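The chains referred to below are lettered A, B, ... by the order of the sequence lines, with proteins before strands, and numbering in each begins at 1. Worth saying up front: this structure is predicted, and the values here are computed from it rather than measured. We use all heavy atoms of the structure for the numbers below, so side chains are in, but hydrogens, waters and symmetry mates are not.
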Amino acid sequence: GENVEQHPSTLSVQEGDSAVIKCTYSDSASNYFPWYKQELGKRPQLIIDIRSNVGEKKDQRIAVTLNKTAKHFSLHITETQPEDSAVYFCAASIRSDYKLSFGAGTTVTVRA
Amino acid sequence: KAGVTQTPRYLIKTRGQQVTLSCSPISGHRSVSWYQQTPGQGLQFLFEYFSETQRNKGNFPGRFSGRQFSNSRSEMNVSTLELGDSALYLCASSLAYGDTQYFGPGTRLTVL
């Protein structure tokens, strides 16, 4: 089955700096890559997603890039703010498999 | 539209008991997936249902089962509870597979 690895496990950044989280996946048939943000005690919420026919997608301060050849995708958060502090999960799925395989998560702390 | 709802929000059971968790998807969504979230194993896929049919199942023992009703509401059942079943159980709904999955708030199960 699909195996998703996520790095780093923790990330501390100064407010206003950028944060980058990287994920690799094992199955070349994976074609959908969402990112979720989970604040303490709350449900995971989708922040951005990308499909395999697109190399990059941006939504305000958040962007995701996908390298299908290398089988890795990354989340970029620019101009970080204290409210960006949370656990971020990457995931991958194969359309015919009907499931999301998640990375282990990255705890992001934005220092004021 | 109302979001995904899960009941109950918290449960305390003892080893050997069984438990049933409920998930109501967003109106119009026909796909419901279940995940187990623990600090050690992260988010792991349990199963996915679409139109009352289970389309995929994760690597969990047969004590974990589920079903979906004609109104797309879903239940999962865990029999003969073990201490290791303590976790946050999340369900997620989507219009169809491959679309964005929206998570419910989860049911926090504690097994004593």
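- Of the two parts of B:Gln44, neither the backbone nor the side chain holds a non-hydrogen atom closer than 4.5 Å to a non-hydrogen atom of chain A.
- Using a 4.5 Å cut-off between heavy atoms, A:Lys42 does not touch chain B at all.
- Only the side chain of B:Tyr35 has a heavy atom closer than 4.5 Å to any heavy atom of chain A.
- More than 12 heavy atoms of other residues, nucleotides or ligands shown are found within 6.0 angstrom of CD on A:Gln81.
- Under the 4.5 Å side-chain contact rule for hydrophobic residues, B:Leu81 and B:Ile12 do not share a cluster.
- Around atom CG of B:Leu83, more than 12 heavy atoms belonging to other residues, nucleotides or ligands sit under 6.0 Å away.
- The environment of A:Gln45 atom CD is sparse: at most 12 non-hydrogen atoms of other residues, nucleotides or ligands sit within 6.0 angstrom.
- The shortest heavy-atom contact between B:Gln101 and A:Tyr36 is O-OH, 2.7 Å.
- When each of A:Gly103, A:Pro44, A:Ala91, A:Ser101 is scored by its heavy-atom pairs under 4.5 Å with chain B, the top score falls to A:Pro44.
- The contact between A:Leu46 and chain B is made entirely by side chain atoms (from C-beta outward), counting heavy-atom distances below 4.5 Å.
- The candidate with the highest count of non-hydrogen atom pairs below 4.5 Å against chain A, out of B:Gln41, B:Arg55, B:Glu48, B:Gln37, is B:Arg55.
- For the options A:Ser93, A:Ala104, A:Gly105, heavy-atom pairs under 4.5 Å to chain B are most numerous at A:Ser93.
- Within a 6.0 Å sphere centred on CD of A:Gln60, heavy atoms belonging to other residues, nucleotides or ligands number 12 at most.
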Decide side-chain contact (heavy atoms from CB on, under 4.5 Å) for A:Tyr32 and B:Asp99; before the verdict, give the C-alpha distance in whole Å, the side-chain angles of both, and the deciding distance to 0.1 Å. CA-CA 9 Å; A:Tyr32 175 61; B:Asp99 296 312; over 6 Å; no

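- How far CD of A:Gln38 is from CZ of B:Phe103: 8.5 Å, rounded to the nearest 0.5 Å.
- Residues B:Pro105 and A:Arg43 come closest through the heavy atom pair CD-NH2, 3.6 Å.
- Interface residue B:Leu90: only side-chain heavy atoms are found under 4.5 Å from chain A.
- By the neighbour-count criterion of 12 heavy atoms within 6.0 Å, atom NZ of B:Lys57 is densely surrounded, having more than that number from other residues, nucleotides or ligands.
- When the shell of 6.0 Å around CZ of B:Arg15 is examined, it contains 12 or fewer heavy atoms from other residues, nucleotides or ligands.
- Neither the backbone nor the side chain of A:Pro34 has a heavy atom closer than 4.5 Å to any heavy atom of chain B.
- Around the CG atom of B:Asn59, the shell of radius 6.0 Å holds no more than 12 heavy atoms that belong to other residues, nucleotides or ligands.
- A:Ile47 and A:Val87 fall into different hydrophobic clusters, where Ile, Leu, Val, Met, Phe, Trp and Tyr side chains are chained together by heavy-atom contacts under 4.5 Å.
- Across B:Val4, B:Leu46, B:Leu88, B:Leu43, the residue that shares the most heavy-atom pairs under 4.5 angstrom with chain A is B:Leu43.
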